[in-house]
2 protein chains.
Amino acid sequence: MDDVAAAIADPVRRQILVMLRERPLAAGQIADRFTISRPAVSRHLRVLRESGLVRDTLVGRRRLYELDASRLAGLIEWLDQFAPADDWERRLDALETEVYRTRRERSRQNATDRQQENTA
Amino acid sequence: MDDVAAAIADPVRRQILVMLRERPLAAGQIADRFTISRPAVSRHLRVLRESGLVRDTLVGRRRLYELDASRLAGLIEWLDQFAPADDWERRLDALETEVYRTRRERSRQNATDRQQENTA
DNA sequence: CAAAAGCGTAACCACTGTGTTACGCGTTTG
DNA sequence: CAAACGCGTAACACAGTGGTTACGCTTTTG
């Protein structure tokens, strides 16, 4: 998880991750979107690769990079221990509302079902 | 948010944040829990202070540090854009279970309340 | 098959970060 | 009020990071 945290610390690398969120990109395509040199981007890609945040595949003479966001799980889990209680409760409340909404819909659906049974 | 990400990147600083999760600590108390020198810890504390993750208060000749986890919000929000859908659903399921558990407890409590009403 | 494309790596340089020891300043204490 | 405490800062050494240009390897292309 240490590698992931260090990788995230750099703004260029964070930007690359955002770019790859859409779809895989070749190294050159990524480099074109930055003002820094292509080798500099290449080294950022290496850091991301070694942290596991990114997987690369050789396609002809190009190298495609794709996101592997699963490696962020550890960091997210670590951060969760700092989520304040009332934030947690806020989430819980929001989800509780969601659950009730779902239950209301289920009830309405059941009522409809019963009416249809009567009609049948 | 860049400051926060950089602050999080160091394992010593992450450990300090975990320590402060319990309660505020004086600089010396924090330093005692590390093998590195006290000035080294002091500088880590400065990084945390300047990133806003930590607030300090002078108390006599000691300096108490307390956590301010609210500054993590931006980073958490940024990370959320990479949370896969089924991870969100996993959280929802877990919280849904929590909601039902709470409701069961409330029902049991209500039942007890009614029994006590009968006794009264 | 020679030339161009696409990328990574090497070598180098400047800057930053992290550790150390020495020191200074304000606060408590005997 | 002098000594001890608590803590930050300064000065320094050194490793790591991030940028650059030059180069080389593999794959496509005309």
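Since the structure is predicted, the reported quantities are computational estimates derived from the model, not experimental observations. Side-chain atoms are counted along with the backbone in the values below, which use heavy atoms only and exclude waters and symmetry mates. The sequence lines fix the lettering, A, B, ..., with proteins before strands; numbering per chain opens at 1.
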Quiz item: Of the non-hydrogen atoms in B:A9 and A:D2, which two are nearest, and what is the gap between them?
Solution: O-OD1, 3.5 Å
Quiz item: Mind checking whether A:L20 and A:L53 have side chains closer than 4.5 Å, heavy atoms only?
Solution: no
Quiz item: Which heavy atom in B:S70 sits nearest to a heavy atom in B:D68, and how many Å separate them?
Solution: OG-OD1, 2.7 Å
Exercise. Please indicate whether A:R55 has more than 12 foreign heavy atoms, meaning atoms of other residues, nucleotides or ligands, lying under 6.0 Å from its CZ.
Key: no
Practice problem: Following the transitive rule for hydrophobic clusters with a side-chain heavy-atom cut-off under 4.5 Å over Ile, Leu, Val, Met, Phe, Trp and Tyr, establish whether B:L79 and A:V12 coincide in one cluster. | Solution: yes
Quiz item: Closest approach of B:A5 and A:R14, non-hydrogen atoms and distance?
Solution: CB-NH1, 3.6 Å
Self-check item: For chain A, the stretch of DNA chain C it reaches, first to last nucleotide, under 4.0 Å of its heavy atoms
Solution: C:dA4 to C:dA11
Practice problem: For atom CD of B:Q81, decide whether the heavy atoms of other residues, nucleotides or ligands shown that lie under 6.0 angstrom number more than 12. | Solution: yes
Practice problem: Pull out every residue in residues 1-23 of chain A that has a heavy atom closer than 4.0 Å to any atom of DNA chain D, ordered by number, or say none. | Solution: A:D10, A:R13
Exercise. Write down the atom of B:R13, the atom of B:A7, and the distance for their closest heavy-atom approach.
Key: NE-O, 3.0 Å
Quiz item: What pairs meet the ring-ring contact (aromatic ring centres under 6.0 Å, His included) rule with one or both residues in residues 32-73 of chain A, with sequence neighbours excluded?
Solution: none
Quiz item: Of the residues in residues 53-62 of chain B, which ones touch DNA chain D at a heavy-atom distance under 4.0 Å?
Solution: B:R61, B:R62
Quiz item: B:E66 and B:T57: which non-hydrogen atoms are nearest, and at how many Å?
Solution: OE2-OG1, 4.4 Å
Quiz prompt | Residue pair A:F82 / B:L17: nearest heavy atoms and the distance that separates them | solution = CE2-O, 3.4 Å
Self-check item: Near-strand residues of residues 30-48 of chain B, defined as heavy-atom separation under 4.0 angstrom from DNA chain C
Solution: B:I36, B:S37, B:P39, B:A40, B:R43, B:H44
Quiz item: Under the 4.5 Å side-chain heavy-atom rule for ILVMFWY, direct or indirect, which residues accompany B:L64?
Solution: B:V59
